[in-house]
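What follows is a set of notes on a single structure, which appears directly below.
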2 protein chains.
Amino acid sequence: MKKVSEPTIGRLSVYLRLLMELAEADVDTVSSEELASRSGTTAAQVRKDLSLFGTFGKRGLGYSVPELVTRLRAILGLEKAWRVALVGAGRIGAALFGYENFRRQGFNIEAVFDTDPTKVGQRWNGLVVEADAGMERVLEERGIEIAVVAVPARAAQGVVDRLVAAGIRGILNFAPTQLDVPAGVVVKTVDMALEMEGLSYALSREEREPGAA
Amino acid sequence: MKKVSEPTIGRLSVYLRLLMELAEADVDTVSSEELASRSGTTAAQVRKDLSLFGTFGKRGLGYSVPELVTRLRAILGLEKAWRVALVGAGRIGAALFGYENFRRQGFNIEAVFDTDPTKVGQRWNGLVVEADAGMERVLEERGIEIAVVAVPARAAQGVVDRLVAAGIRGILNFAPTQLDVPAGVVVKTVDMALEMEGLSYALSREEREPGAA
DNA sequence: CAGAGTTTGTGAAAGCGTTCACAAACAAAC
DNA sequence: GTTTGTTTGTGAACGCTTTCACAAACTCTG
Ligand SMILES: NC(=O)c1ccc[n+]([C@@H]2O[C@H](COP(=O)([O-])OP(=O)(O)OC[C@H]3O[C@@H](n4cnc5c(N)ncnc54)[C@H](O)[C@@H]3O)[C@@H](O)[C@H]2O)c1
Ligand SMILES: NC(=O)c1ccc[n+]([C@@H]2O[C@H](COP(=O)([O-])OP(=O)(O)OC[C@H]3O[C@@H](n4cnc5c(N)ncnc54)[C@H](O)[C@@H]3O)[C@@H](O)[C@H]2O)c1
């Protein structure tokens, strides 16, 4: 198989979301052109992305919506439910915990950890917030595969080291910091400050040199 | 000036964050090599990124930390404080509202809007949650420049249309949906579901073909 | 069932961003 | 003040991703 780039995977996720909306609306066929316009890319890009994984379309007709949903879910590893732990029961952690879409896509939060003694023992929707000390044991017991790190930046690397030692190989990080992990462990960082600064840059630029789209 | 790519701006934000940490620790000089290793890139990349905006370093020595902080803040448009509105006073909205780092970097949330009558009128840290109906007037009155959209996906495009009509030109979007805006308006979307699916893809791939880093 | 009209899949070309490599510039030591 | 060592700034090479363009494959209509 050809190598698949990060941007391609991101677009596949976007296509999948659109296709699920289309399936909801009982549309059964879609062209690369339509998919492209709805996802803000080009038809050629859509076809190239999909062609990396097989040939799913029918010439002259387009793609079968239900089939492509199934294929994309398989490609993205969304056929199984993932067991997820949340480390850091603060503001972002609470928001994520309550976010139904995560569960809907098959990401089940099955453990919550925090160091704060006032938080440990709280029941979150039936799930007890665990003390940070017993983390390794709980991760093991519940077969956790993915961790969401929502602790303050200076605590993040320490938490990640423990997670990795405990066998976690996928981490979604909200702390605005660079994390070091060994090869074989995948970290995705969601950095909102960075996006805000991107906006700041773009807006100041427009003020300085108008018309530079 | 040469054209500046998105990834470059992202890295400049990362450099700035590191430099502020170094300044805090009273380090006064840093090499591209050091900056690179701390931000997970290469020395050549650091130098190329910076060289797009001027020549800030001293050969044989490196970069002055305080000077580079000042320069990067100017480049990124962070010398002023931005007036920000939050649309959608839900879980994500609340988390962002309480997030001190935003204010610290000069993003001041000066208006909060929601449609939910039980939320309208609430005081959030002294700021009254406004009804969605008066949005345009409040945006105008308070000179809002950037909006954070944290409403359900199906409401997002409608909100954005109103924001754009009201003159807002920078939007940070948390709704997992494609937003259409006219040229001249900048939208950055933070899509956590997408990142999770990236993890899912990477992890399933490793299971299927181990050793494919 | 033939012909007109679509739409895919994919090599080839173009466009971008990253990495390389090195001369030029400076610091520091003696 | 000269030498040695370090680090920058940048053109050129490289590699990766996107876009182009079109033959092949299929649908649909009459
Ligand atoms: N709040 C936001 O909107 C927002 C936005 C962007 C990024 N972030 C980042 O997300 C992270 C969390 O932010 P927050 O606003 O939720 O902070 P918070 O202070 O509300 O929550 C952090 C939680 O982590 C816990 N914690 C601290 N050290 C821990 C450890 N070693 N193990 C387990 N738990 C630990 C704390 O007890 C606390 O409950 C931070 O890194 C922050 O920079 C937050
Ligand atoms: N909670 C999360 O962790 C999370 C994670 C990723 C993405 N998101 C996305 O962020 C958005 C908000 O999520 P949430 O969890 O905070 O939802 P939420 O339901 O807690 O909050 C949404 C708020 O928006 C308000 N609202 C609805 N329509 C509005 C309108 N037209 N104008 C103004 N306010 C309006 C609602 O009254 C509610 O208070 C959603 O698009 C969601 O998909 C949330």
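- When all heavy atoms of A/Met135 and A/Phe113 are compared, the closest pair comes out as CA-CE2, 3.5 Å.
- The distance between atom CG of B/Asp49 and atom C1' of D/dT10, rounded to the nearest whole Å, is 13 Å.
- Out of C/dT19, D/dT18, D/dG9, the shortest distance to the side chain of B/Lys48 is found at C/dT19.
- Here the nucleotide nearest the side chain of B/Ser51, chosen from D/dT7, D/dT18, D/dG9, is D/dG9.
- DNA chain D is contacted by both B/Tyr63 and A/Lys58; B/Tyr63 maps to the nucleotide lying nearer its 5′ end (nearest heavy atom per residue).
- OP1 or OP2 of C/dT19 lies within a sub-4.0 Å distance of a side-chain N or O belonging to B/Gln45.
- Rounded to an integer number of Å, the gap from CD1 of B/Ile9 to P of C/dG17 is 11 Å.
- The nearest whole Å value for the distance from the CG atom in A/Leu52 to the P atom in C/dT10 is 10 Å.
- Comparing D/dT18, C/dG17, D/dC16 by their nearest atom to the side chain of A/Lys3 picks out D/dC16.
- One atom, CG of B/Leu68, and another, C1' of D/dG9, lie 14 Å apart when rounded to the nearest Å.
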Next on the checklist: Using the rule given for side-chain contact (heavy atoms from CB on, under 4.5 Å), can you reason through A/Leu18 versus A/Glu34, listing the C-alpha separation, both sets of side-chain angles and the distance that settles it, and then say yes or no?
Outcome noted: CA-CA 10 Å; A/Leu18 292 170; A/Glu34 172 107 32; over 6 Å; no
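- Side chain of B/Arg47, nearest nucleotide from C/dG17, D/dT8, D/dA21: D/dT8.
- Across the protein-nucleic acid pair, B/Arg11 atom CZ and C/dC16 atom C1' stand 12 Å apart, rounded to whole Å.
- Side chain of A/Leu61, nearest nucleotide from D/dT17, C/dA21, D/dC28: D/dC28.
- Rounded to an integer number of Å, the gap from CZ of A/Phe56 to P of C/dT10 is 11 Å.
- Atom CD in A/Glu34 sits about 15 Å away from atom P in C/dT6, given to the nearest Å.
- Counting non-hydrogen atoms under 4.0 angstrom, B/Ser32 reaches the backbone sugars and phosphates but no base.
- The CD atom of A/Glu33 sits 12 Å away from the C1' atom of C/dT8 (whole-angstrom rounding).
- Among C/dC22, C/dG9, C/dC20, the nucleotide with an atom closest to any side-chain atom of B/Ala44 is C/dC20.
- Side-chain atoms of B/Arg59 and base atoms of D/dT7 include no donor and acceptor less than 3.5 Å apart.
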